[in-house]
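Right, one structure below, let's go through it.
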Amino acid sequence: MTTTIFWAFAAIAVGSALLCVTRRSPIASALWLVLTLFALAALFVILDAQFIAVLQVLVYAGAIMVLFLFVIMLLNLGRAGPSDRKGALAWAVAGALGAGLLVPLAGLARAAPPAAIQLPEGTMAALQQQQGLVGAVARPLFETYLVPFEITSLLLLAAIVGAVVLAKRKL
Amino acid sequence: MSDVAFLVITVVKIVVVFTAIMVGVALLTLAERRICAWMQDRLGPNRVGPQGLLQPAADGLKNILKEETLPAQADKLLFLLAPAISFVPALLTFAVIPFGAPLHTKWGDIPLVVADLPVGFLYILAISSLGVYGITLAGWSSNNKYSLLGGLRAAAQMISYEIAMGMSAVAVLLIAGNVTLSDVVARQATGTPLTWNVVPLALGFLIFLVAAFAETNRLPFDLPEAEGELIAGYHTEYSAMKFSMFYIAEYSNMVTASALMTTLFFGGWDIPFTTWDNTAPWTLLKTIASVAMFGAKVGFFLFLYIWVRWTLPRFRYDQLMALGWRVMLPLALVYLTVIATAIWYLHERLGWVYDARFALALGAVNVALAVPLFFVLDRGRLVSGSVAREGA
């Protein structure tokens, strides 16, 4: 049952990702990307990571993609523009690069994750039972890994400040 | 409970909730017009059926029989999909809201919530932020500049108020200590309405209320359709049942937002002044009484929606953005920080457990925050009306 669901959503994710990069209308691309994000969220649910699944929909599908659509419409880029796919050579190069990405993936399929990050069967379920779904994520994030977390937030802050500096002519 | 029984019970629950929302929406369209008429000293629609009760059926029939129009150069597929995209999330959200005490049957106690997800409230935030796709795509696919402006406004407004809405609700989750809505309800049900979250988190409720109005595109935040400037905004080009779908989506969103305010801040299905309804053994009477209580609370907020709509004028667009980013967002952030500190102090330092005393202490913090907010920082800009400003 779970395997069937996995393959169904995996097919949707890959299919809509392909459609996302091949559509000529930016709006269609954005919408196919939304569908990809949904399929990924479903895969996270199958992995018992409901929290990450919900965040995926909430942050990416719900906020960032809405912003994308907003910008596409604001700049009136919605209608299909000229294609920038140029000839057989370009297709060959793009295909070769894409296939190159698949090679390490094929290697990963056979490799097992290192023992250091593998928890015994049922650890996550027990943890969720004990601390709740969010607590199981929040405790390591805000206790064990607090410093890396704060440094990441500084990075995001720097990005925001940079965007403001670039966008504003006069500060 | 076996898998088959689970499946059957869930399908029954879905059908019941769906029917209840649809009937509620139909009655709500009538209620809106009757209450509006009452506030304007008119009669309103009262011809079809007793007191106009069959008016929604007549409207529905009319909308089905009307001609469907498709504007020239419109993006056909998205034009057809948009009403459905805005309609579905409005219904999905309701799935995690508990609406009554468990129903006792011979197959065991059935919790009255379609799916008590472990991610509860986050699911609501995630799904409710998707409704804007329908509105935005409707605006874009119509190939009409007024529609497009309406869709753009909807997207901008949704993003602006979503953060404040989420932040104000985080305070509720801090008190509940979990994100599942059944835990939120259980924590508030101690026999006295003093522990309803509206007491310890009064300001948070105010922020949530305003943001919920903005998220449902209701007056005074109905800028996406603003008929004075944009004809009818995003649904200008829609006719017949497709137009009706947007209407149904808007009202379903109102029902869900009201249910959410009830659940997060007003104790959900908890009956005040008694713990009779919160303790086993569950009986049919308890279930009916708690569902009725839930319905009454939701009904009150729906009335509030209508009441506000026919009382307040619409914001200007710049006012809307200024309120969202300069007032609501910083306010929600500061509020969350203060409340989190207060909860930490009361709980970790003083060792209090959540009860009426805890709620009142937090309520005092709210009052202490509200006084500088409304009388010092605001200096009469938001709180007082235009008459008071002219006098000053």
Side-chain angles (χ1 to χ4, degrees), chain A residues 1 19 23-35 37-38 41-42 44-45 48-80 124-125 127-139 142, chain B residues 3 73-75 77-78 81-82 85 89 92 96 115 117-143 145 147-160 162-163 166 170 173-174 176-180 183 215 234 340:
Chain A
M1 184 65 185
L19 285 166
R23 294 304 89 188
R24 275 167 63 181
S25 151
I27 293 260
S29 286
L31 291 177
W32 284 115
L33 186 55
V34 173
L35 190 58
L37 295 170
F38 260 99
F44 282 128
V45 172
D48 267 338
Q50 285 105 329
F51 183 63
I52 299 182
V54 161
L55 281 194
Q56 170 103 357
V57 175
L58 177 61
V59 176
Y60 288 97
I64 293 185
M65 289 315 293
V66 173
L67 212 57
F68 271 35
L69 270 192
F70 181 78
V71 171
I72 292 172
M73 289 180 185
L74 196 66
L75 302 179
N76 206 8
L77 300 169
R79 309 290 161 187
M124 277 315 283
L127 211 59
Q128 286 181 7
Q129 200 68 45
Q130 193 191 338
Q131 305 181 342
L133 201 60
V134 181
V137 178
R139 281 195 189 281
F142 290 105
Chain B
D3 281 355
Q73 310 280 311
D75 188 315
L77 181 66
L78 288 180
L81 268 179
I85 296 178
L92 280 181
V96 293
L117 293 184
V119 282
F121 181 71
L122 296 170
Y123 168 85
I124 289 184
L125 281 185
I127 298 295
S128 67
S129 61
L130 298 175
V132 71
Y133 277 112
I135 295 177
T136 316
L137 290 174
W140 179 75
S141 64
S142 299
N143 190 33
K145 59 185 91 157
S147 299
L148 180 65
L149 275 175
L152 281 176
R153 283 182 176 189
Q157 182 173 325
M158 194 68 80
I159 293 172
S160 312
E162 203 172 35
I163 309 172
V170 167
L173 306 179
L174 284 180
N178 204 337
V179 290
T180 55
D183 281 6
E215 294 276 298
Y234 62 91

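Proteins get letters first, then strands, A, B, ... in listed order; numbering begins at 1 in each.
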Can you tell which part of [X] gets under 4.5 Å to a heavy atom of chain A, answering side chain, backbone, both or neither?
X       : result
A156(B) : both
L148(B) : side chain
V179(B) : side chain
L130(B) : side chain
L78(B)  : side chain

Heavy-atom pairs under 4.5 Å with chain A, option from L149(B), I127(B), L122(B) with the top count: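 Max contact count across the listed options: L122(B).
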Side chain / backbone / both / neither for L31(A) at chain B, heavy atoms under 4.5 Å: side chain
Which portion of V59(A) sits near chain B, non-hydrogen atoms under 4.5 angstrom: neither
Taking all atoms of both residues into account, what is the closest heavy-atom pair of [X] and [Y], and its distance?
X       : Y       : value
Y123(B) : V54(A)  : N-CG1, 3.9 Å
G62(A)  : S129(B) : CA-OG, 3.4 Å
V34(A)  : Y133(B) : CG2-OH, 3.4 Å

Around F68(A), counting heavy atoms of other residues, nucleotides and ligands shown, do more than 12 lie under 6.0 Å from its CZ? no
Y60(A) atom OH: more than 12 heavy-atom contacts under 6.0 Å: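 No, OH of Y60(A) has 12 or fewer neighbouring heavy atoms, counting only those of other groups under 6.0 Å.
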Please round to the nearest 0.5 Å and tell me the distance separating atom CD1 of I124(B) and atom CG of L58(A).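 Between I124(B) CD1 and L58(A) CG, I get 12.0 Å after rounding to 0.5 Å.
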Rounded at 0.5 Å granularity, tell me how far CD1 in I72(A) sits from OG1 in T136(B).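 OG1 of T136(B) is found 11.5 Å from CD1 of I72(A).
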With heavy-atom distances below 4.5 Å as the criterion, would you say the side chains of V66(A) and M158(B) are in contact? no
